[in-house]
There are 2 protein chains.
Amino acid sequence: MGRWEPDSRRRLQEAALALYAERGYDQATAAEIAARAGVTERTFFRHFADKREVLFGGSAVLKEHIVSAVAAAPRGATPLEAVSLGLAAAAALLGEQSRELSAQRQAVIVATPELRERELAKLADYAAAVAAALHGRGVTEPQASLAAEAGMTVLRVALERWASGADRRDLGKVVEGSMADLRGVTSTG
Amino acid sequence: MGRWEPDSRRRLQEAALALYAERGYDQATAAEIAARAGVTERTFFRHFADKREVLFGGSAVLKEHIVSAVAAAPRGATPLEAVSLGLAAAAALLGEQSRELSAQRQAVIVATPELRERELAKLADYAAAVAAALHGRGVTEPQASLAAEAGMTVLRVALERWASGADRRDLGKVVEGSMADLRGVTSTG
DNA sequence: ACGGTAATGACAGTTACTGACATCACCGTA
DNA sequence: TACGGTGATGTCAGTAACTGTCATTACCGT
């Protein structure tokens with residue numbers, strides 16, 4: 001550890017979310033965020049590749065949880081059932097944080113095109129990893145990619161409904177409901 | 001029209017694709033693209049919001065085609081059937097261009113994270129418009145969003161398979177096949 | 001001939017991001 | 001206890017994406 005205040009990474013994340021929420025993403029400079037966190041701008045970019053990434057600091061952990069759950073699904077599970085288990089794991093992890101904080105983060109993302117782009121890219125990254133996990137379960141292309149992509153779509157739709165308050169249930173329940181809706185759409189349509 | 005060489009927009013698009021393909025996206029500066037097109041850097045940014053957008057110049061037209069086809073689907077069509085008609089329209093439009101040019105463009109996009117992000121954002125934008133068109137057909141949420149998102153996923157997966165040469169059939173056929181795969185995955189899984 | 005207009009050029013300025021080097025506390029070890 | 005290695009940070013210069021503003025110029029209708 002360094003000799004300065006510890007947790008600079010966490011402080012940067014909190015400062016960024018606060019500033020983005022206060023005055024908007026593009027009105028907040030990296031230098032300002034760093035100053036609020038008590039470090040220099042250079043340190044900001046040592047911890048995060050760019051201004052967007054600071055809001056997605058936990059994505060690697062989330063990805064690992066999802067992939068592990070998919071890989072650990074019972075042998076008999078169908079591809080989409082395995083994906084559903086991954087989504088449940090994601091919901092459990094995301095549900096740990098306060099709904100209020102998640103809602104603030106999601107509000108900033110929804111309000112900022114650049115951040116929405118990044119969120120989509122993260123989900124696409126998860127989808128690729130899930131597809132690889134499905135390959136490991138013997139699922140072939142393009143079924144693996146389609147199941148993974150469909151699952152991430154379900155997660156995103158559910159997350160939006162949950163964070164916006166449109167659905168008051170627990171995130172896990174919202175995810176389950178959205179997955180059921182997807183099945184309904186694709187089986188009858 | 002202006003008094004200089006016309007078609008500056010098209011020239012910029014061609015110059016950008018060529019330079020991105022030659023030396024990579026981040027090794028090509030906006031100034032270089034503009035110079036090759038015979039204009040100044042400022043003109044580049046008058047035609048395109050940023051360095052990425054120059055590869056997505058036809059997206060508004062494509063979006064219109066998709067939405068129109070969805071809206072014009074027969075009354076009895078299910079949501080996913082309507083979306084399928086939109087995908088067919090997209091495939092028809094994209095199939096007009098030479099497969100070689102499309103493949104070059106797709107190769108650049110696949111090789112560049114920033115461009116992949118933008119492509120995902122474009123597809124998400126199409127999905128939102130398609131969902132709105134489905135609303136106009138009486139489809140409610142979340143079925144409309146899920147059908148639209150699933151459709152755009154199918155389009156993306158099919159486009160990758162087609163442009164990469166993994167599937168030698170016409171784009172329309174590849175799209176149909178991917179849609180059938182999605183139905184298979186979600187009905188049995 | 002003339003005034004309006006749309007596209008472009010010219011140019012200064014901000015800011016995201018990078019590379020290179022210096023600095024400083026901590027830690028193991030002699 | 002002194003000492004060298006290490007990791008995180010500071011400092012500073014530099015590139016390039018993008019923006020605002022104003023001047024310029026051909027075309028077009030009257």
Side-chain angles (χ1 to χ4, degrees), chain A residues 1-57 60 108-109 111-119 121-122, chain B residues 1-20 22-57 60 108-109 111-119 121:
Chain A
M1 309 100 199
R3 55 248 174 261
W4 292 272
E5 300 302 315
D7 278 337
S8 60
R9 182 183 173 89
R10 184 190 312 273
R11 292 204 315 275
L12 282 166
Q13 293 180 89
E14 294 172 356
L17 178 57
L19 267 179
Y20 292 169
E22 278 178 22
R23 75 177 72 159
Y25 172 81
D26 28 317
Q27 298 307 315
T29 72
E32 287 171 334
I33 297 168
R36 180 183 284 219
V39 296
T40 64
E41 187 184 5
R42 191 66 183 87
T43 293
F44 177 95
F45 288 110
R46 282 206 181 89
H47 282 283
F48 305 100
D50 55 49
K51 242 183 96 179
R52 297 157 217 109
E53 199 66 17
V54 67
L55 282 195
F56 300 89
V108 170
I109 291 174
T112 312
E114 285 124 305
L115 295 174
R116 298 187 61 176
E117 273 196 17
R118 180 55 51 85
E119 186 187 34
K122 290 293 180 187
Chain B
M1 308 105 190
R3 53 260 176 245
W4 292 272
E5 300 303 314
D7 280 335
S8 60
R9 182 184 175 89
R10 183 189 313 272
R11 291 203 316 275
L12 280 167
Q13 293 180 86
E14 293 171 358
L17 177 56
L19 267 179
Y20 291 169
E22 276 177 24
R23 76 178 72 160
Y25 171 82
D26 27 317
Q27 298 307 317
T29 71
E32 286 170 335
I33 297 167
R36 181 183 283 219
V39 296
T40 63
E41 188 183 4
R42 192 65 182 87
T43 292
F44 177 96
F45 287 109
R46 283 205 181 89
H47 282 284
F48 305 101
D50 54 49
K51 240 183 100 179
R52 296 155 219 112
E53 198 66 16
V54 65
L55 281 196
F56 300 89
V108 170
I109 291 174
T112 312
E114 285 124 305
L115 294 174
R116 297 186 63 177
E117 272 196 19
R118 180 56 50 86
E119 186 187 33

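Lettering of chains follows the sequences in order, A, B, ..., and the numbering in each one begins at 1. These numbers were taken from a predicted model, which means no experiment stands behind them.
- Between A/Phe44 atom CZ and D/dA8 atom C1' there is a gap of 17 Å when expressed in whole angstrom units.
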note = Each nucleotide of nucleotides 11-16 of chain D classed B (base within 4.0 Å of a protein heavy atom), S (only sugar-phosphate) or -, in 5' to 3' order, makes BB----
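- Going from atom CG of B/Leu55 over to atom CD of B/Glu119 covers 10.5 Å, rounded to the nearest 0.5 Å.
- Rounded to whole angstrom, the span from the CG atom of B/Leu12 across to the C1' atom of D/dA17 amounts to 15 Å.
- Shown here is A/Arg36, whose CZ atom has more than 12 heavy atoms of other residues, nucleotides or ligands within 6.0 Å.
- If you take CD of A/Glu53 and P of C/dC17, they are 11 Å apart, rounded to a whole angstrom.
- Axis angle, first five pairs versus last five pairs of the helix from C/dA1-D/dT30 to C/dA30-D/dT1: 10°, rounded to 10°.
- For D/dT9, the OP1/OP2 oxygens have a side-chain nitrogen or oxygen of A/His47 closer than 4.0 Å.
- For the atom pair CG of B/Leu17 and CG of B/Leu12, the computed distance is 12.5 Å after rounding to the nearest 0.5 Å.
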N/O donor to acceptor pairs below 3.5 angstrom from side-chain atoms of residues 42-51 of chain A, sequence neighbours left out:
residue, atom, partner, partner atom, Å
A/His47, NE2, A/Ser8, OG, 3.3
A/Asp50, OD1, A/Arg52, N, 2.9
A/Asp50, OD1, A/Glu53, N, 3.0
A/Asp50, OD1, A/Arg118, NH1, 3.2
A/Asp50, OD2, A/Arg52, NH1, 3.4
A/Asp50, OD2, A/Arg118, NH1, 3.4
A/Asp50, OD2, A/Arg118, NH2, 3.2
A/Lys51, NZ, A/Tyr25, O, 3.0
A/Lys51, NZ, A/Ala28, O, 2.8

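- Rounding to the nearest 0.5 Å gives a distance of 13.0 Å between CD of A/Gln27 and CD of A/Glu22.
- Counting non-hydrogen atoms under 4.0 angstrom, A/Ala28 reaches the backbone sugars and phosphates but no base.
- Annotation for A/Val39 and A/Arg11: closest pair CG1-NH2, 3.8 Å, computed over non-hydrogen atoms.
- In this structure, A/Arg11 atom CZ and D/dA8 atom C1' are separated by 12 Å, rounded to whole Å.
- Heavy-atom contacts from other residues, nucleotides or ligands closer than 6.0 Å to CZ of A/Arg23 number more than 12.
- Distance CZ (B/Phe45) to P (C/dA16): 16 Å, rounded to an integer number of Å.
- A distance of 6.0 Å separates CD of B/Glu32 from CG of B/Leu19, quoted to the nearest 0.5 Å.
- Between A/Ile33 atom CD1 and C/dC17 atom C1' the separation is 13 Å, expressed in whole Å.
- Here the P atom of nucleotide C/dT14 and the CG atom of A/Asp26 are 17 Å apart, to the nearest Å.
- In this entry the distance linking CD of B/Glu114 with P of D/dA17 reads 11 Å, nearest Å.
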